[in-house]
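Note that these values count all heavy atoms, side chains included, but never hydrogens, waters or copies made by symmetry. Note on naming: letters A, B, ... go to the chains in the order of the sequence lines (proteins, then strands), and numbering restarts at 1 for each one. For clarity, every value in this text was computed on a predicted model and none was experimentally measured.
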Amino acid sequence: MFVRIVQSSEGSMLLSATVKTENWQFKYKEPEFKNKLIGENDITLHCVDHIYGVYDEKKKSLFGQLKKYPEKLIIYCKDLRVFTFCLRYTKEEEVKRIVSGIIHHSQTPKLLKRLFLFSYATAAPTNTDTQNQTVMFDAIKDWRDELERTKGNMKYKVVSVNEAYKVSEKLPLYFVVPMSLSEENILQYQGRGIPIWCWSCHNGASLLKMSAFPKEQEDSTSQMQKNFLDGVYRTINKPPYEVVKTDDLSNSLPSLQEIQTAYVRFKQLFLIDNSTDFWDSDVKWFSLLESTNWLEIVRRCLKKAIEVADYLEGQNTNVLLVEENASDLCCVVSSLVQVMMDSYYRTKLGFQSLIQKEWVIGGHCFLDRCNHLKQNDKEEAPVFLLFLDCVWQLVQQYPPAFEFTETYLTVLSDSLYIPIFSTFFFNSQHQKDTNMSGESHHAQSSHFRFLTVWDWSVQFEPKAQVLLNNPLYAEKPKLDKSQRKTTRCKHQRQLSLPLTQTKSSPKRGFFREETDHFIKNILGKRISKLINSSDELHNFTEFYDSWHCKPVDFHGLLLPHVEGPGIKVWAQRYLRWIPEAQLLGGGTVVTATKILDMMEEVQSLQKKMEEKHSQTVSQGREVLPVLRNSARLSSLFPFALLQRHSLKPVLPTSTWKDLEDEEDLAKRDDEFVDLGDVI
Amino acid sequence: MLPGSRTSFKIQPHGLAPVPKGPKSSDKRNRNSQAFPCIPGELVLEEAARVRKIVRSRGGEGSVLGTLYCTNLRVSFVPEPALSDTVGAPRHPTCPHNEHDVVLPCIRRLVAVNSFTKAKMLTASSTLKFIPEELVLYCRDFRVLRFRFHESGLEPRAFQVTMAIAQAQQSSGGRPGTWPYSTAIRNLENVWLRTEEASLLSSFPTLLFEGLCDWEKELRRLGAAGWRVSSVNERFDMATSLPKYLWVPSRLLDNELKRAFAHFNARRIPRLCWHHPGGSNLLRAAGFHVDSDPEKEDVRCVEALMLAGHTQCVVVETAADLPGPADIQLSYLKLWTLCLPDSSVAVADEKWLSALEGTRWLDHVRACLRKASEVATLLEEKTCSVVLQESDDRDLNCLLASLVQILSDPHTRTQAGFQSLLQKEWVVAGHPFLQRLNLLRDNDREESPVFLLFLDCVWQLLQQFPTSFEYTEAYLVALHDSSYIPFFSTFLFNCQWERDRRNQHRASNQIYASVNGWREPPPLEILQKGSCLAKEGRVPYLPTIWDWALRYTAPERAQFRNPAYTRGSNTGNAILNGNCAPPGEDKPEATLARNGAMYLFAKGALLLQTHLFPWKNGSLSKKGWRQAPSSESLSEQEWSLRSKPSSCLLQPDGLLCPVSLGPLIRLWRRCYLRGSSEVQRGLFAPTLAELANELDLLRERLGDGQAMGSPRVTRHGSREPQPGAPEGKRSPLSPSR
């Protein structure tokens with residue numbers, strides 16, 4: 001017997017439910033809503049952020065062995081839900097078991113092999129092969145296709161030196177390097193100092209990333225490394241590669257530590273266990289928000305991405321991103337640049353492929369960064385969330401350019417903590433492979449398969465999946481498929497380019513009146529490159545401004561607004577569990593459903609028209625499809641259920657209300673006693 | 001840069017304020033008649049050719065070449081035809097709201113810049129001692145227009161045009177009593193009527209509340225059975241600032257009513273604003289007059305007015321939680337400065353949010369919304385009379401009363417209903433628009449954009465409930481902008497009495513002949529559509545702003561309609577028409593006499609008042625009632641939000657419950673940030689409008705097809721096809737599923 005207190009705007013309501021701990025989640029009754037795996041009241045163990053106990057109105061963080069068990073249990077989740085459980089009416093024995101169970105399973109370090117992932121993969125029924133259209137980038141063919149698609153195959157090649165992870169365990173099995181780079185080079189420093197291809201722009205400029213050498217004490221080593229690097233640079237500076245702009249991200253972007261601190265503070269604004277805090281903070285809301293620095297970090301990432309886009313698109317320059325492991329902010333920036341520049345990555349499949357390419361296969365340490373194993377708190381940093389937040393900024397600024405909705409992003413961010421998908425639970429491809437093969441020795445190997453998060457049908461019914469797609473996506477006009485798709489995109493994208501772009505393509509030749517300007521431009525660039533190769537000059541404003549002067553082409557380059565008012569709070573993700581923020585019959589979701597309804601009606605009417613045209617005889621009486629009276633939704637719709645919360649506005653401060661609550665509680669107490677006897 | 005710029009030019013400004021009839025300007029006008037699309041009556045005072053308008057302020061690059069005009073109405077910039085051809089769309093000839101024009105009252109600050117001297121702010125009296133290279137107009141509607149003068153021998157021209165603008169801007173106000181635009185307006189109207197006659201008729205029926213029958217019609221709609229329209233103030237002899245007609249309890253005779261006036265400030269007695277179908281009434285009143293004596297006999301009458309047939313009366317002290325006009329003005333100015341797209345005052349991006357917080361504008365918005373939703377809840381929950389009391393009943397009472405109605409009454413969320421609401425609670429009720437908007441610049445101290453604060457509140461509701469409103473953000477922006485255009489009777493007077501007096505005055509001594517051969521007096525039936533003014537025989541010769549067709553083209557007006565608007569399924573309309581009998585109505589009259597209970601509502605708490613009437617404003621010790629509500633007042637409280645859990649399932653349809661939390665009160669970017677590099681995007685992606693159009697089209701066609709064979713099925717009303725609706729087959733909408 002376990003009691004949960006549900007926060008609602010009326011105060012507290014008690015729900016009775018039974019709780020038992022399972023290996024991966026603890027579950028109540030009331031399986032509701034659309035996520036097939038996790039109900040509204042389920043918390044996966046990986047999603048538990050902090051556990052607090054309330055002793056005599058005082059809140060204490062709970063960990064380790066407890067001497068005394070609390071009256072109330074408060075659980076903060078990583079997806080920003082807050083659960084309050086009242087233990088007063090539960091048997092002490094049970095309290096002990098449940099509380100220590102929760103603490104043990106969610107807070108103590110554990111081994112990778114003990115992840116629920118593995119138990120699920122062995123125990124779950126083998127999935128009939130689902131059609132997965134997302135490019136996984138775990139086969140050499142995927143990389144070849146990608147090179148082909150972006151027209152990078154003239155200058156870059158896929159190498160398979162890392163098969164069996166000879167080069168490095170951090171690198172994927174296959175990756176792409178400049179054509180002229182030799183295999184010995186790659187092998188020499190375990191893949192460090194090697195420019196690895198991310199993406200090619202339509203004009204031939206490419207985005208590369210490179211993991212830097214660690215700072216060495218010994219002069220000789222560092223000298224050798226320097227020579228090696230020089231060699232590499234020489235190789236890639238020769239034609240057919242043009243100028244390379246090197247960008248060391250550790251200098252220009254915040255450190256992981258800063259990101260983590262900012263996020264922790266930011267998160268605190270939305271983790272609310274009593275509503276009065278929230279009322280009080282209204283007046284200071286913006287300065288509180290600003291002091292967390294999270295939006296500023298988002299802004300800096302977006303700015304960096306714009307800068308890189310400027311080099312690639314505006315100045316036709318290759319860009320090489322350098323970071324220690326090339327797997328944190330490198331991933332953020334490079335994937336942001338690709339989302340902004342390549343409309344393919346703004347489709348759902350494209351976006352998923354991109355995450356596969358840059359993050360999953362690219363070697364982002366999800367396991368460490370999400371701290372799934374609770375082994376090392378210092379490694380924790382919400383880098384992937386930062387990326388999703390940046391993408392959200394783009395989505396809300398240019399909704400028609402994206403095939404997916406913000407709900408998709410929110411759901412994706414939640415999937416980070418669902419331990420049945422392998423996608424976000426490994427540090428690298430190598431780690432995944434070894435763990436898989438190790439298991440397969442003594443189990444039936446053929447049945448051992450991990451699920452990927454991209455198979456949305458695992459989580460959602462088709463009806464719920466509709467919410468992930470943007471009905472207003474400005475689809476690219478489909479041409480006959482025989483025509484090369486890429487040439488078409490290229491043409492379109494060029495149309496949307498800012499004027500500066502036309503100047504800087506040296507192959508094209510230029511007109512006389514442009515010459516002076518051009519030379520000045522080139523010289524200036526050279527000089528500035530010489531002067532401040534390390535010091536970052538944010539000189540993208542011209543590019544940025546001129547782009548924003550033009551009408552937006554949703555299939556071309558997209559640059560986000562990064563001014564003060566441009567960056568916003570991802571309201572859906574952060575406010576969705578707060579009953580006080582609920583708008584009955586309001587919020588963006590209302591428009592969205594309205595659109596869906598209209599869409600449906602248009603379709604059915606169109607169909608009817610066609611029918612009518614085909615059969616000349618009129619069918620006679622036929623009633624138009626009745627607009628379904630969709631239920632009154634609230635702004636929190638996909639995430640919080642309507643009936644749970646009060647339907648009324650609340651007069652915030654009235655003393656008499658408290659009195660009444662007491663009374664109510666007492667009444668309910670009786671009920672519970674009864675129930676307890678029955679059970 | 002210029003060699004001559006150091007010698008200070010001693011050109012005297014034209015001495016007097018520019019006289020429109022000056023020979024110079026008139027012949028200039030003739031000369032430019034082709035080049036500059038003058039409205040008849042509009043005179044070009046000065047012009048300068050080859051001026052560059054800086055298009056973007058941040059980047060600094062990009063400019064349009066053209067001619068700058070200063071007329072007695074506006075500052076206008078006409079781009080060279082070569083460029084404007086590419087821009088395309090022929091503009092509405094008389095719209096003073098296109099991107100290159102700014103009406104004189106809309107200019108807040110005028111600055112001349114020269115590379116040698118500091119920027120100088122210009123007023124009519126200031127003498128300019130240098131040749132301006134650049135002229136910057138800071139507009140009240142958050143635009144900044146920059147004009148750069150060409151460096152080729154046209155310096156005197158630049159000088160003259162600058163001075164002309166400075167003086168014209170100043171002279172647009174300053175002389176109370178004379179109406180500087182009179183000719184211009186008269187003619188404008190003629191032109192408008194001529195060009196837009198057809199579409200004028202199709203605009204929304206707005207009740208102007210100038211005539212008796214509007215009041216009666218609205219009262220019928222509300223279904224307020226115990227109320228009647230009193231014409232006690234028909235000649236404005238009871239109170240000049242009140243409307244001519246008042247809604248008062250039926251049982252009070254005019255004689256009794258008259259005795260109540262003296263008890264209130266400015267004689268603004270409590271009167272009905274809105275009647276809740278559940279029986280509650282919303283009233284508004286001014287504060288009690290200082291000399292009001294509780295011992296007098298006619299206090300009973302005051303009491304009856306306030307209780308309005310209920311046993312409980314809740315007095316809402318409007319000013320208690322809301323900002324005063326001065327606060328509003330202050331924070332609005334801060335907001336204006338913050339949002340100006342002027343790089344010189346720009347705040348660093350990372351400090352922007354706290355700067356926004358520092359303006360406190362959003363705090364004010366939040367306070368208004370919170371208070372309004374509290375009052376709306378009161379009306380919903382109890383059967384009582386709610387009296388909004390503000391000391392002069394002309395500023396925040398207007399705001400609060402109309403916000404509460406928007407929250408509670410779905411009708412006010414239609415365009416017609418909203419316009420009627422504004423007429424009733426603002427225009428006729430005597431919000432001092434002239435002082436508050438300060439269009440004539442006679443008194444800066446009274447300026448305070450209470451109305452704009454209200455529009456912002458409505459916008460917040462609009463973005464929180466995007467499908468509940470028939471109008472769109474574009475409509476609100478248009479309304480916002482219209483408040484700076486000095487043509488409309490709506491915003492040019494402080495109260496209905498002034499408005500009427502002016503109009504009478506005009507009507508008597510200006511039976512004008514047609515100017516420029518336009519038509520004879522404007523047809524009454526057009527000007528007064530929806531109102532019953534015709535029989536009174538007065539000519540409101542200033543148009544109201546509700547004639548949107550005067551200033552906005554059909555495609556622009558199409559944007560006013562919200563394609564996502566859904567009328568509630570079981571609309572409150574049926575209820576509001578009086579189908580459901582209000583429970584409060586049939587109470588025996590005897591009960592209200594002495595046992596009425598009186599509550600004070602402020603800071604979110606109700607407090608029982610021991611003294612019934614009247615207490616004087618401010619005589620209550622503010623600390624006392626807030627911190628220590630006495631125990632008997634608590635026990636008195638049977639009002640509980642949870643008392644009727646079933647009713648709340650029905651209720652949300654009509655009532656909007658806005659959230660006023662920090663993260664959900666947002667900046668009205670499309671209005672305040674329009675000058676910055678923000679791309680002007682519609683509230684809705686064009687596809688939504690397209691979708692709506694296609695739906696209409698399909699419905700219509702299908703309906704036509706069926707009309708032949710079977711009874712025609714029309715569900716959602718046969719809306720007229722949209723003007724912009726593409727004809728023929730179009731099915732590019734392949735939904736991406």
Give me the one residue out of A/Tyr574, A/Trp294, A/Trp285 that meets side-chain contact (heavy atoms from CB on, under 4.5 Å) with A/Leu269.
A/Trp285

Choice from A/Lys348, A/Glu296, A/Gln465 maximising heavy atom contacts with chain B below 4.5 Å:
A/Glu296

Taking only residues two or more places apart in sequence, or in another chain, which ones meet B/Asp363 in a side chain to side chain donor-acceptor pair (under 3.5 Å)?
B/Arg360, B/Arg366

Any donor-acceptor N or O pair under 3.5 Å, side chains B/Arg666, B/Gln463
yes

Greatest number of heavy atom pairs closer than 4.5 Å to chain A - which of B/Ala355, B/Ala376, B/Ser354:
B/Ser354

Considering only heavy atoms, which portion of B/Leu461 lies under 4.5 Å from any heavy atom of chain A: side chain, backbone, both, or neither?
neither

Using heavy-atom distances under 4.5 Å, tell me whether A/Leu295 contacts chain B through its side chain, its backbone, both, or neither.
side chain

So, using ring-ring contact (aromatic ring centres under 6.0 Å, His included) as the criterion, who are the partners of A/Tyr408 when residues are at least two apart?
A/Phe404, A/Trp456

